[in-house]
Amino acid sequence: MKFAVIGSGGREHAICWKLAQTLGEKNVYCLPGNGGIPNSVSIDTNSFEAIEGFCNEHEIDYIFVGPEQPLSEGIVDYFRQRNIAVFGPTKQAAQLEGSKIFSKNFMQKYGVSTAPFKTFTSVHDALDLIHEKKGDLVVKYDGLAAGKGVWVCSSIDEAMEAMNELEQGYGSNCRFLIEDKVIGDEISIIGFTDGETIKLLLPSQDHKQLLEGDKGPNTGGMGVICPVPFWNDQLHDQIQSQIVNPTLRGIAAENMDYKGIIYFGIMMGKDGPSLLEYNVRFGDPETEVLLPSLKTDLSDIIVRCLDGTLGEIELEFEDGYFVDVVMVSGGYPKAYKKGYQIEGLESTEALVFHAGTKRLEGAYLTNGGRVLNIIGQDEHLEKAIEKAYAACAEIHFKDSFCRKDIGKRVYKFF
């Protein structure tokens, strides 16, 4: 059995690492990959034809799509006409992530717990609602925006600035929505689905803001923990009945061809769980802790999703906590420099997933904003945090930066 994993970040490194545990490293390729992922192959992954050519040449059986863009562009639909199975939803189902308006309408139609919202096709038309709510709201651009299309506002000035950025980025007549802001504790619930069953991984929590105390600009993710300390059976049952089950009913009712990963971005507020968004693929950096925590053979799960037998197995997990601290380039998420040599990787015993690196003449160099994911594991959360940061201290590159409070949040309602 051979896999080609599409993508180039820490998420894809974790996927390749997990698949290689049972399939062997030689049977797992990453397109285009990065400097730290074995069997990385630099090809144009925007070209489905180029991917097809590689897969035919190397007798690939399965494609695992890491990022959302190829799914939204129909990579699953394309390969349905070929003899290579793709793990992921079709283009129609990928609208759950690709269009915020489609997604919110879907939630509303099938009774998924989510915040009230209104949709717009003109920035000017939203001004009355902004003043009515005194700017205390959330603005979301309709399409894919690489994590940059959401503005959480607390005043009219902030909301108007969001409107300005929306207009500058996407035009005055772009599609967007405004929804009520939910205050609480955010949680990522990610699972596998064959369209009839959803099997959930451990609950995790991302730290998106750049600076300690959840301050500064949003990033792709500065770190993550799993499981979350406040998780319990009551929360599981609430999320299952109010979000997961109605989503599954909606997928069936809409005849969606969905065999892949489904991600529920949830806010646990004072009135219970509220779904913020769907993703149709693994989160990053959540994958970097979820897959090390998973005992079950990932390749078996994928095959079962594709052949409709996911309901026949139960997922098994490692004990304890997993903590990922992301080391980033100075200046990230804005301008940053590349090409700095990374030292200390050979001496650390920690599990490390590469995100933005390249290999040159035997050395690892920085090649992106998020550079490395450093993983700590222990029976106790505090010790897992200590192990992750101890490993970060062993690794060096010029202008490196990481948040110092991953896993140390004070929760609002727990």
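- Sorted by first and then second residue, the salt bridge (charged side-chain N to carboxylate O under 4.0 Å, His left out) pairs involving residues 19-45 (not counting sequence neighbours) form an empty list.
- A salt bridge is absent between Glu186 and Lys208; no separation between the charged side-chain nitrogens and carboxylate oxygens falls under 4.0 Å.
- When all heavy atoms of Ala115 and Val182 are compared, the closest pair comes out as CB-CG2, 3.9 Å.
- Here the straight-line distance linking atom CG of Leu127 with atom CZ of Phe120 works out to 9.0 Å at 0.5 Å rounding.
- Of the candidates Leu291, Val5, Asn27, Val5 is the only one forming a side-chain contact (heavy atoms from CB on, under 4.5 Å) with Leu19.
- Qualifying ring pair (Phe, Tyr, Trp, His ring centres under 6.0 Å) partners for Tyr110, counting only residues two or more places apart in sequence or in other chains: Phe106.
- Separation of the Phe176 and Tyr141 ring centroids does not fall under the 6.0 Å cut-off.
- What you find for Leu248 and Gly195 is that their closest heavy atoms are CD1-O, 3.8 Å.
- For Lys18, there are no salt bridge (Lys or Arg N to Asp or Glu O under 4.0 Å) partners at least two apart in sequence or on another chain.
- Among all heavy-atom pairs drawn from Leu166 and Val123, the shortest one is CD2-CG2, 4.3 Å.
- By the salt bridge (Lys or Arg N to Asp or Glu O under 4.0 Å) test, Asp378 is found to be paired with Lys387, residues two or more places apart in sequence or in another chain being considered.
- The backbone N or O of Asp284 sits less than 3.5 Å from a side-chain atom of Glu286, completing a donor-acceptor pair.
- Listed by first and then second residue, the ring-ring contact (aromatic ring centres under 6.0 Å, His included) pairs involving residues 30-69 are Phe3-Tyr62, Tyr29-Phe54, Tyr29-His58, Phe48-Tyr78, Phe54-His58, Phe64-Phe87 (not counting sequence neighbours).
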(request) List the steps and the verdict of side chain to side chain contact (heavy atoms under 4.5 Å, CB included) for Ile51 and Ile75. (result) CA-CA 10 Å; Ile51 296 171; Ile75 189 171; 4.1 Å; yes
(request) Walk me through it: do Phe192 and Leu315 pass the test side chain to side chain contact (heavy atoms under 4.5 Å, CB included)? (result) CA-CA 10 Å; Phe192 301 92; Leu315 304 187; 4.1 Å; yes
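- The two residues Phe79 and Val86 come nearest to each other via the heavy atoms CB-CG2, 3.4 Å.
- Interatomic distance, SG of Cys16 versus CZ of Phe353, reported as 10.0 Å (0.5 Å rounding).
- When all heavy atoms are compared, the tightest approach of Val326 to Pro285 is CG2-CB, 4.3 Å.
- Within the structure, salt bridge (charged side-chain N to carboxylate O under 4.0 Å, His left out) pairs that include any residue of residues 260-269 do not occur (at least two apart or interchain).
- Ion pairing of Lys408 with Glu212 is absent here, as no side-chain N (NZ or NE/NH1/NH2) approaches a carboxylate O to less than 4.0 Å.
- Considering all non-hydrogen atoms of both residues, Leu137 and Ile130 come closest at CD2-CA, 3.9 Å.
- In this structure, Tyr170 contributes its side chain and Asn173 its backbone to no donor-acceptor pair below 3.5 Å.
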(request) Would you please test Gln205 and Phe230 for side chain to side chain contact (heavy atoms under 4.5 Å, CB included) and show each step? (result) CA-CA 11 Å; Gln205 188 175 64; Phe230 57 78; 4.2 Å; yes
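- Residues in residues 297-311 take part in these salt bridge (charged side-chain N to carboxylate O under 4.0 Å, His left out) pairs, two or more places apart or across chains: Asp300-Arg304, Arg304-Glu312.
- Arg11 is linked by a salt bridge (Lys or Arg N to Asp or Glu O under 4.0 Å) to nothing, counting only residues two or more places apart in sequence or in another chain.
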(request) Please step through side-chain hydrogen bond (donor to acceptor under 3.5 Å, both in side chains) for the pair Ser99 and Asp142, ending with a clear verdict. (result) CA-CA 5 Å; Ser99 168; Asp142 180 51; 2.7 Å; yes
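- For Asp405, the salt bridge (Lys or Arg N to Asp or Glu O under 4.0 Å) partners are Arg403, not counting sequence neighbours.
- From Ile395, atom CD1 reaches atom CD of Glu343 across 11.5 Å, with rounding to the nearest 0.5 Å.
- Among residues two or more places apart in sequence or in another chain, the side chain to side chain donor-acceptor pair (under 3.5 Å) test is passed with Asp399 by none.
- For the atom pair NZ of Lys338 and OG of Ser329, the computed distance is 9.0 Å after rounding to the nearest 0.5 Å.
- One finds the CD1 atom of Ile187 at 5.0 Å from the CD1 atom of Ile239 (value rounded to the nearest 0.5 Å).
- Ion pairing between a basic and an acidic side chain is recognised when a charged N comes within 4.0 Å of a carboxylate O; Asp257 and Arg80 show such pairing.
- Once rounded to the nearest 0.5 Å, the distance linking CG of Leu290 with CZ of Phe322 reads 10.0 Å.
- Each side-chain hydrogen bond (donor to acceptor under 3.5 Å, both in side chains) pair with one or both residues in residues 353-371, not counting sequence neighbours, appears once here: His354-Thr357.
- At distances below 3.5 Å, at least one donor-acceptor pair connects side-chain atoms of Asp77 with backbone N or O atoms of Lys91.
- Applying the ring-ring contact (aromatic ring centres under 6.0 Å, His included) definition to pairs two or more places apart or across chains, none involves residues 283-312.
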